[in-house]
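Notes follow the structure.
For the single chain, residues carry numbers from 1 onward in sequence order. Counting starts at 1 for both ligands and their atoms, in listed order. Just so we're clear, the structure is a prediction, and the values are computed from it rather than from any experiment.
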Amino acid sequence: MSEDAKTLKIPFIEGDGIGPEIWSVTKSIIDTAVKIAYDNDRSISWINVPAGNSSFIESGDPLPKSSLDTLKKYKVSIKGPLTTPVGGGFRSINVQIRQKLDLYACVRPMKYAEGVASPIKNPADIDMVIFRENTEDLYAGIEFDVNSPEAKSLIDTIENTFKQTNIRFPNSSAIGIKLISQEGSERLVKSAIQYAVENKLPSVTIVHKGNIMKFTEGGFKNWGYETAKTFFPEVTYTWADFNEVKKLKGEAAAKEFLQNNAAKGKVLMQDRIADAFFQDILLHPKNHSVIAATNLNGDYISDSVAGCIGGIGISPGANINYETGCAVFEATHGSAPDIAGKDIANPLSLIFSGVMMLRYVNWNEAADLIENVALNLILKGKVTADLLEDKSKGLACSEFGNTFVKEMNSFQLSGLATKN
Ligand code: NAI
């Protein structure tokens, strides 16, 4: 897509459960913002892409090939949440989309918006961007059911060929494979460092469980540090560099080394073992800026950090392949069947994902408008109940959408004045 295009063709997947409710609100907000920001000179032509439960019911296929082809063709798209049956049925459509389009980086900015109810004392200390590896790890989908010929054969090989004796219950084990590669780790950490450099952020923390899983999680950590050394030698440094200066020149020189690096905008590469990182989220969030994590750890971390700043109903996400440019922006929460159809879902996660998408295509003016109005509404408490201490004051999803559009229109008339 050319950046100076006045009409962008963008595929969307409405999603299951609360998907249609939050998509309808998000679409009208994005359309209005584009109209206002570019004085009717630009627009988005939306292409409806079937996927998920509704597509399964209609065509027997939850992810038709034509849908994948459309996402590939137009490169930039947006989606609502999709339901995945547990313990049977079809494989996660979200995971399939990420794998088939090789969207290796799941990017989730996590920043506190003033006014949101939070369970922690200083939520404003949280300002992190999580880069979760999206295609490998236990999510590769190589998993065999208990008593299947594949599970039996694998267990037999592990016990009799590899002479491993620590499968506790070999006759009743299902088995899955954890895959972490050098290439996969390198491209993920590369995008995390690149992001830190471009956005002038102070550090990249590699989160791993390498103390237990030496070659997979430990590999991720080691390859992460090597990536910094190989591709970003001029703009990154580590605590080992700090210790070296301290050893050679003393404490004061080492402190100066840190200050100089920070002043020059250099990126500190550090790592944390996953369990300690979860403690850091609560106790030392200011020590972390950009996070690079393996797939499963990244999944847990994303929801945990989101919980500290208002929950998954507000945090946006994107799945990106920085090499092909292909990107699917998405709400980070699921299809929330418990509240579907009740008009109480919070559409902000999808709306903020739309903001990320507009920035990705360089339509920053429309993105700024949505972001400003959203932050203003959050500050005024004009949001859905999940973000409020007093749930009785929450707006319905559709009501929030109407208020948002009205606010953008008055924003157009009076600009920043409406922020007060
Ligand atoms: P969920 O994220 O759908 O819901 C967890 C809790 O958060 C529920 O209490 C729900 O009501 C609440 N919640 C979620 N989104 C909300 C919103 N926008 N506003 C207010 N409250 C919200 O997770 P759950 O229940 O584990 O999964 C439901 C389905 O969604 C499953 O089939 C799961 O596989 C799928 N899923 C899909 C994802 C995706 O499409 N990217 C991500 C996570 C889950």
Side-chain angles (χ1 to χ4, degrees), residues 12-26 29 49-57 62-63 67 71 77-99 101 103 105-108 113 116-117 119 130 132 134-135 139 141 295-296 298-320 327-354 356 374 378 383-388 391 394-401 404:
F12 71 94
I13 294 171
E14 199 173 41
D16 299 319
I18 57 172
E21 299 159 54
I22 58 173
W23 171 247
S24 145
V25 165
T26 302
I29 288 171
V49 175
N53 247 349
S54 53
S55 169
F56 186 65
I57 290 163
L63 185 60
S67 293
L71 299 181
S77 53
I78 186 163
K79 67 173 271 294
L82 296 170
T83 298
T84 306
V86 178
F90 52 78
R91 274 186 64 212
S92 164
I93 303 306
N94 303 303
V95 173
Q96 283 192 59
I97 291 174
R98 291 168 193 167
Q99 287 182 344
L101 300 179
L103 305 172
C106 178
V107 184
R108 294 190 175 166
V116 173
I130 297 161
R132 164 189 172 196
N134 230 355
T135 58
Y139 280 69
N295 206 336
L296 186 59
D299 191 20
Y300 300 150
I301 291 167
S302 302
D303 278 22
S304 177
V305 179
C308 294
I309 56 162
I312 46 181
I314 190 171
S315 307
N319 302 290
I320 303 177
V328 178
F329 295 81
E330 68 170 349
T332 52
H333 53 76
S335 53
D338 52 333
I339 57 168
K342 295 184 180 166
D343 197 19
I344 56 172
N346 181 356
L348 273 168
S349 173
L350 195 56
I351 294 169
F352 282 131
S353 302
M356 285 178 84
I378 293 169
V383 285
T384 48
D386 55 303
L387 296 184
L388 299 170
K391 305 290 177 210
L395 300 185
C397 177
S398 55
E399 208 181 347
F400 174 73
F404 204 117

**OP:** Indicate yes or no for a side-chain donor-acceptor contact from K342 to the backbone of D338 under 3.5 Å, with no hydrogens or angles considered.
**Re:** yes
Subject >> Mode of I18 contact toward ligand 1 - side chain, backbone, both, neither (heavy atoms, under 4.0 Å) >> reply: side chain
Subject >> For ligand 1, the portion of N94 having any non-hydrogen atom under 4.0 Å away >> reply: side chain
Original post:
Would you say T332 has any N or O atom under 3.5 Å from an N or O of ligand 1, going by distance alone?
Top reply: no
Subject >> Qualifying residue for side chain to side chain contact (heavy atoms under 4.5 Å, CB included) with P316, from M356, R108, E330 >> reply: M356
Original post:
Looking at Y139, does the NZ or CZ of R98 lie under 6.0 angstrom from its six-membered ring centre and within 45 degrees of the ring axis?
Top reply: no
**OP:** Please say whether G80 places an N or O atom under 3.5 Å from an N or O atom belonging to ligand 1.
**Re:** no
Subject >> Proximal ligand 1 atoms for P337, defined as those under 4.0 Å from one of its heavy atoms >> reply: 28 (C)
Original post:
Under 3.5 Å between some N or O of ligand 1 and some N or O of D338?
Top reply: yes
Original post:
What residue among T26, V116, I314 forms side chain to side chain contact (heavy atoms under 4.5 Å, CB included) with L348?
Top reply: I314
Original post:
Can you list the ligand 1 atoms lying under 4.0 Å from a non-hydrogen atom of K79?
Top reply: 40 (O), 41 (N)
Original post:
Quick check: does P81 get an N/O under 3.5 Å from an N/O on ligand 1?
Top reply: no
Subject >> Any S349 heavy atom less than 4.0 Å to ligand 1 >> reply: no
**OP:** Look only at interatomic distance and state if I339 has a nitrogen or oxygen under 3.5 Å from any nitrogen or oxygen of ligand 1.
**Re:** no
Original post:
Side-chain contact, heavy-atom cut-off 4.5 Å: N346 with V383?
Top reply: no
Original post:
Just checking, any donor-acceptor pair under 3.5 angstrom between side chains of S315 and S349?
Top reply: no
Subject >> Residue pair I97 / L103, side-chain heavy-atom distance below 4.5 Å >> reply: yes
Original post:
At a 4.0 Å threshold, what atoms of ligand 1 neighbour a non-hydrogen atom of T83?
Top reply: 32 (O)
